[in-house]
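First comes the structure, then the notes that go with it.
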Amino acid sequence: MKFSNYFSPTLNENPAEAEIISHKLMIRAGLVKQASAGIYSWLPLGLKVLKNIEQIVREEQNKAGAIEILMPTIQSADLWIKSGRYKDYGKEMLRIQDRSGREMLYGPTNEELITDIFQSYVNSYKDLPLNLYHTQWKFRDEVRPRFGVMRGREFLMKDNYSFDLSQEEAKISYDKMFTAYIKTFLRMGLTPISLRADTGPIGGDLSHEFQILAKTGESTLYYDKELETLDPEKIEPEKLQSYYAAVDDIHDEKNYPINQDQLKISKGIEVGHIFYFGTKYSEKLGAYVQDNKGEKRLVHMGSYGIGISRLVGAIIEAFHDDRGIIWPIPVAPFHISLINLMTEDDKCNEVSENLYNNLVKKNIEVLYDDRKFSMGKKLSDNDLIGIPYQIIIGKRDLKENLIEVKDRKTYESQKLNPDQAFNFLINEINSKI
RNA sequence: CGGGGAGUAGCGCAGCCUGGUAGCGCACCUGGUUUGGGACCAGGGGGUCGAAGGUUCGAAUCCUUUCUCCCCGACCA
């Protein structure tokens, strides 16, 4: 993509409305624009990241055997009245009426709808286990939205729902999702810490939340340091669940079950939550199957959520410096910023265009900064946007047929000729996607 | 929902106390000069001062009402 043809409005100054670093950077780098409190428009760069995150989550869900569907944002109140939550949810639920005065709502979650879908079609234990998911916008009318997309009222969430014949089988589904979650966050370059959690208003008996480490995180986590060094190929859910991990209001300084030198303390941001809640909804909404003896049995359910839009902010909280964002390659909006410092110079243009075309042919995503701005403006804009690799092409080095390849994270750079740079980056990026 | 703060050009802000025809920086447009870390010179465009009402000869400024946004707290993916 040529920057001059793109739409990526960057800002020099910090927006008055933003408080935390990820929010500031998201606005300055032109990822989102606030539409109203806790509601955002996603601009091209932000949308690319959002889609990349969504896709990683999707791939890991599919690998774990979940099946994708798509449920609507607007739901009828009927099912919610049946489940009892139309009353319980209170003012957080955005209630609306259609033209004939029918009670509708903008879904804050989808247990009711999914259970209804399930009970409409599934009648036999032979069809279990079943695990359905979708990635859809939700709306929760928070008392106080804040922190940009990290705590929006409208937010994109992947949520899925597992159906099993028994509690034992439900635990197997639960552990599959647990494993998928760890793998998902590791793939994004994050360090996930899983914590046993209170089940909260969704109700039930087993629940874990997933936090990712970030210096600016809201909660303080105390956990076994083993949790920091997980091999995505060898995730053992039972073992991981046995490790110590607690948030600060649960952790007891004087009494915790591991050695002091095993204990790590870090800040975290919650990005996922999983629940096993048994037959709570199947009971209320009548989700039964027949078992092998022909007897009707309530299905055991679990639900699993990942805050996709929140992750965009959380990843920035985890990866940034004072120059801007530092995207991990798997979620980055582009792989390479190709910065042409001298768009007036024929040689610079020629080398830039060639390299750009060759990289694009190899399916590398390149943002080619061909804008007619001064060098400093372009360099700082690209640092702000945070694309993981930069190729800097200027008149000075080109006299010796050299261009600069810079790592956005370490800020280390090397001078290579264009062919070497091409080969280096192809290898580098393909090994990390 | 309780407490606090803010709405003036696209963005960031000054002006308000003490009423008198609205200003700065950035961005934007035109021309020129520049080019290895947010360029420079010259010229230019852009605001019913959040909205409604009131006081006054006169309101961005004083008064009333209202809307919106932000921050702190209680709650959450």
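Predicted model only: the values in this text are computed from it and were never measured. The sequence lines fix the lettering, A, B, ..., with proteins before strands; numbering per chain opens at 1.
- Separation of the A/Y244 and A/H251 ring centroids falls under the 6.0 Å cut-off.
- Here A/S309 lies out of heavy-atom contact (under 4.0 Å) with every strand.
- Formation of a donor-acceptor pair under 3.5 Å by the A/R310 side chain with backbone atoms of A/E270 is found in this model.
- Counting any heavy atom pair closer than 4.0 Å across all strands shown, A/D381 reaches a base atom.
- A heavy atom closer than 4.0 Å to some atom of RNA chain B occurs in no member of residues 325-337 of chain A.
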Polar atom pairs between nucleotides 72-74 of chain B and protein, under 3.5 Å, N or O only, would you list them?
unit_1	atom_1	unit_2	atom_2	d
B/rC72	OP2	A/R144	NH1	3.3
B/rC72	OP2	A/R144	NH2	2.4
B/rC72	N4	A/R144	NE	3.4
B/rA74	N6	A/R146	NH2	3.1

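- Base engagement by A/R28 is indicated by at least one non-hydrogen atom pair under 4.0 Å involving a base atom.
- Contact check of residues 384-416 of chain A against RNA chain B (heavy atom, cut-off under 4.0 Å) returns A/I392, A/G394, A/R396, A/D397, A/E404, A/K406, A/Y411.
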Taking only N/O atoms, report every protein-nucleotides 39-42 of chain B pair under 3.5 Å with atom names and distance.
unit_1	atom_1	unit_2	atom_2	d
B/rA39	OP1	A/S374	OG	3.2
B/rA39	OP2	A/S374	OG	2.6

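- Map A/H23 and A/E344 each onto its nearest nucleotide of RNA chain B; the residue landing nearer the 5' end is A/E344.
- Residues A/P15 and A/G38 both approach RNA chain B. Their nearest nucleotides, taken by heavy-atom distance, put A/P15 toward the 5′ side.
- Using a 4.0 Å heavy-atom cutoff across all strands shown, A/K138 reaches no nucleic acid atom at all.
- At B/rA77, none of the side-chain N or O atoms of A/K158 fall inside 4.0 Å of OP1 or OP2 (strictly under the cut-off).
- When heavy atoms are screened at a 4.0 angstrom cut-off, A/M157 is found touching the sugar-phosphate backbone but no base atom.
- For the segment residues 40-63 of chain A, the set of residues with a heavy atom within less than 4.0 Å of an atom of RNA chain B is empty.
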Grab the N/O contacts between the protein and nucleotides 22-27 of chain B below 3.5 Å, and write none if there aren't any.
unit_1	atom_1	unit_2	atom_2	d
B/rG25	N2	A/E13	OE1	2.9

